[in-house]
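The model shown is predicted, which means the values in this text are computed figures rather than measured ones. Atoms within each ligand, like the ligands themselves, are counted from 1 in listed order. Both backbone and side-chain heavy atoms feed into the values below; hydrogens, waters and symmetry mates do not. Count residues from 1 along the sequence.
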Amino acid sequence: MPPGERGSLWPVTPKRFVIIGGGPAGNSCATTAARLGAHVTLVEKDIVGGAAHLWDCIPSKAMIATGGRLTQIHEAPGMGIAVTPAELDFEALRRRIVEIEAKLQGSVSGLLENQGVTILEGSGRLTGPSTVTVEHPDGTTTDLDAEVIVLSTGSRPRVPDWAPVDGVRVLTTRQAYPPPELPEHLIVVGAGVTGVEFVHMFSAFGCRVTFIVSRQQVLPQKDPEVAAALEDDFLARGVRLFKGARAQSVTVDEGAGTVTVQCDDGRAATGSHVILAVGSIPNSETLGLDAAGVAHHDGYVTVDHNCLSSVPGIYAAGDLSGKLPLSSVAAMQGRKIAEHAMGLHAGPHRHLDYEKAASAIFTVPEIADVGLAEADAFAVGRKIRVTKVPFSANAKALIEHDPRGFVKIISDPATGVVLGGSIVGRNAAELISVIALAVTAGLRVTDIVESLLVHPALAEALADAAE
Ligand SMILES: Cc1cc2nc3c(=O)[nH]c(=O)nc-3n(C[C@H](O)[C@H](O)[C@H](O)COP(=O)(O)OP(=O)(O)OC[C@H]3O[C@@H](n4cnc5c(N)ncnc54)[C@H](O)[C@@H]3O)c2cc1C
């Protein structure tokens with residue numbers, strides 16, 4: 001029987017938790033465990049809130065929101081509004097990001113303190129299967145022992161050895177929210193979610209953008225139809241696309257104030273700045289995994305369906321677990337760990353099903369999907385029913401002067417059960433929640449069709465697609 005299948009591994013409900021890393025995974029585990037009666041110590045070396053608040057989700061979405069508002073102003077004449085040209089106030093944007101981060105950090109710390117979680121500032125590492133040493137900024141140390149240890153130290157950007165990152169002209173994703181100055185001509189390397197969001201936000205700010213994509217499709221993991229919709233939009237905005245080109249070197253010309261990215265197919269792009277969005281690596285080198293006997297692969301902790309590592313009592317969550325690198329997934333893993341370790345709700349029905357996690361890309365048009373993808377179904381020869389409607393047939397989309405995109409629903413042809421879906425268009429990240437609920441709850445297309453929805457609403461496109 002897999003560990004934890006029938007309940008907690010522990011004969012007595014564990015009470016002392018030590019959590020290393022205060023991002024979404026660590027915080028959600030800490031608050032849930034404390035609510036369930038555990039004594040929780042959270043060790044964090046920077047700020048509670050984690051990379052998600054400081055460098056990733058929040059600043060990126062704040063910058064995208066500003067770019068989106070700017071675009072709306074530019075498009076206002078189409079809504080019958082005469083406008084004088086609007087432009088980005090880069091310093092005001094910088095202040096806005098700092099303010100949002102401070103507010104969120106305050107609310108996370110407040111929540112942890114209200115739940116009675118002890119926050120220790122410092123860097124934590126395992127010294128054995130149930131012991132942790134914390135090194136504080138002043139050089140002193142604290143030794144802790146615990147019945148439950150949760151490793152949630154996250155990940156950081158991968159820096160290729162051919163890229164001379166200087167934080168000025170050659171930037172990782174962490175140095176780009178916001179960058180030291182607004183690029184005149186930005187080169188983005190990396191065609192995944194982070195890369196396309198950079199292309200979108202900086203082109204919305206009015207910067208020239210060149211996008212280096214090593215495959216023949218942006219977002220190579222996504223539905224080709226979804227990726228094509230985004231590519232069309234980028235091209236319409238004047239983004240220069242280098243497809244099938246793998247970056248192999250970056251050179252900086254300080255005198256000219258330029259950077260040049262050389263690609264393996266002979267093409268080269270010269271601009272004012274380059275951002276590398278080429279993946280991430282786990283924060284685990286100094287975590288003492290081997291000292292505690294915790295199994296790992298490529299630096300990611302090996303976990304089972306309960307996020308339990310190879311050592312009883314040691315769990316891993318978030319990016320460090322090598323599962324889906326999303327804040328939402330990290331937070332859910334943290335919660336599930338707290339419940340499992342406290343002996344609550346154990347059993348297969350409580351396991352996280354990563355294939356049912358909704359995700360979004362905050363470009364314009366916005367992209368969101370959940371569950372089974374059409375291409376994956378075809379790859380395994382699974383019969384599916386695919387229904388699709390464009391937003392151009394939706395009254396609210398026309399009212400909003402944004403009829404781009406479509407809704408696609410994938411269902412089982414025999415039972416009508418909703419298996420997945422993709423949305424490209426305005427508010428896709430919000431609208432996908434309906435399909436996510438249907439996928440998680442095993443609802444049928446008729447359940448969506450027969451819902452009495454608001455009119456006019458973008459959500460009506462979901463009912464039309466489910467028809
Ligand atoms: C550019 C970008 C944009 C993103 N946007 C989104 C988005 O819109 N939506 C979404 O769902 N996901 C998004 N993600 C992914 C998301 O940021 C991560 O999946 C999420 O932050 C993972 O949470 P975590 O708790 O595992 O780690 P983190 O948020 O990385 O937190 C880990 C914490 O551990 C601390 N730490 C590390 N080592 C130690 C140690 N030894 N001792 C003490 N503390 C330590 C760190 O200081 C940090 O605070 C984005 C990622 C990137 C790169």
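Of all protein heavy atoms, the one lying nearest to atom 41 (N) of ligand 1 is Gly124 O, 3.1 Å. For atom 1 (C) of ligand 1, the closest non-hydrogen atom of the protein is Tyr177 OH, 3.2 Å. Closest protein heavy atom to atom 27 (O) of ligand 1: Gly154 CA, 3.3 Å. In this structure, atom 28 (P) of ligand 1 lies nearest to the protein heavy atom Ala51 N, 3.7 Å. Taking atom 8 (O) of ligand 1 as the reference point, the nearest protein heavy-atom neighbour is Lys61 NZ, 2.7 Å. Looking only at protein heavy atoms, the nearest one to atom 46 (C) of ligand 1 is Glu44 OE2, 3.5 Å. Taking atom 21 (O) of ligand 1 as the reference point, the nearest protein heavy-atom neighbour is Ala52 CB, 3.4 Å. The nearest heavy-atom contact from the protein to atom 24 (P) of ligand 1 is Pro24 CD, 3.9 Å.
By the 3.5 Å distance cut-off applied to N or O atoms, Ser327 is counted among the residues near ligand 1. No N or O atom of Asn283 sits closer than 3.5 Å to an N or O atom of ligand 1. For the pair Leu326 and ligand 1, the shortest N or O to N or O distance falls below 3.5 Å. The shortest N/O to N/O separation between Ala25 and ligand 1 falls below 3.5 Å. Ligand 1 has no N or O atom lying under 3.5 Å from any N or O atom of Gly318, backbone or side chain.
No side-chain N or O of Ser280 forms a donor-acceptor pair with one of Arg158 less than 3.5 Å apart. In this model, a donor atom of one side chain and an acceptor atom of the other lie less than 3.5 Å apart for Thr210 and His185. Using a 3.5 Å distance cut-off with no hydrogens or angles, the side chains of Thr133 and Asp143 do pair a donor with an acceptor. For the residue pair His296/Ser284, the side-chain donor-acceptor check at 3.5 Å is not satisfied. Neither side chain, Ser130 nor Glu147, offers a donor N or O lying under 3.5 Å from an acceptor on the other.
Short contacts between ligand 1 and Gly22, defined as distances under 4.0 Å to a heavy atom of the residue, involve ligand atoms 33 (C), 34 (O). Of all the atoms in ligand 1, the ones that sit under 4.0 Å from a non-hydrogen atom of Gly50 are 29 (O), 31 (O), 48 (C), 49 (O). Close contacts between ligand 1 and Gly122 involve ligand atoms 42 (N), 43 (C) [criterion: under 4.0 Å to a heavy atom]. Near Gly23, with a cut-off below 4.0 Å to any heavy atom, the atoms of ligand 1 are 25 (O), 29 (O), 31 (O), 33 (C). Which parts of ligand 1 touch Ala330 is read off a 4.0 Å heavy-atom cut-off, strictly below it: atoms 23 (O). Less than 4.0 angstrom separates some heavy atom of Ile20 from each of these atoms of ligand 1: 40 (C), 42 (N), 43 (C). Close approach to Thr194 involves these atoms of ligand 1, each under 4.0 Å from a residue heavy atom: 1 (C).
The backbone N or O of Arg246 sits less than 3.5 Å from a side-chain atom of Asp264, completing a donor-acceptor pair.
Between Phe211 and Phe202, the distance from one ring center to the other does not fall under 6.0 angstrom.
Nearest to atom 3 (C) of ligand 1 by heavy atom, out of Asp56, Leu42, Val134, is Asp56. The option from Cys57, Pro325, Ala331 that lies nearest to atom 13 (C) of ligand 1, judged by heavy atoms, is Cys57. Here atom 19 (O) of ligand 1 lies nearest to Asp319 when heavy atoms of Asp46, Val48, Asp319, Ile19 are compared.
By the neighbour-count criterion of 12 heavy atoms within 6.0 Å, atom CD of Glu87 is sparsely surrounded, having that number or fewer from other residues, nucleotides or ligands.
In this structure, Leu320 does not count as a contact residue of ligand 1, since none of its heavy atoms falls inside 4.0 Å of the ligand. Residue Ile47 places a heavy atom under 4.0 Å from ligand 1. Contact between Ser321 and ligand 1 is absent, with no heavy atom of the residue lying under 4.0 Å from the ligand.
Within the 4.5 Å cutoff, side-chain heavy atoms of Phe17 are placed close to those of Cys29. Side-chain contact between Lys45 and His136 is absent, with no heavy-atom pair separated by less than 4.5 Å.
Of the listed residues (Leu287, Ile20, Val303), just one forms a side-chain contact (heavy atoms from CB on, under 4.5 Å) with Leu320, and that residue is Leu287.
Residue pairs that meet the salt bridge (Lys or Arg N to Asp or Glu O under 4.0 Å) test with at least one member in residues 316-325, sequence neighbours left out, do not exist here. Under the side-chain hydrogen bond (donor to acceptor under 3.5 Å, both in side chains) criterion, no residue pair touches residues 18-41, with sequence neighbours excluded.
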#### Entry: side chain to side chain contact (heavy atoms under 4.5 Å, CB included) between Ile119 and Leu112, intermediate numbers included
CA-CA 8 Å; Ile119 301 173; Leu112 289 165; 4.0 Å; yes

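Once rounded to the nearest 0.5 Å, the distance linking CD1 of Ile337 with CE of Met342 reads 14.0 Å.
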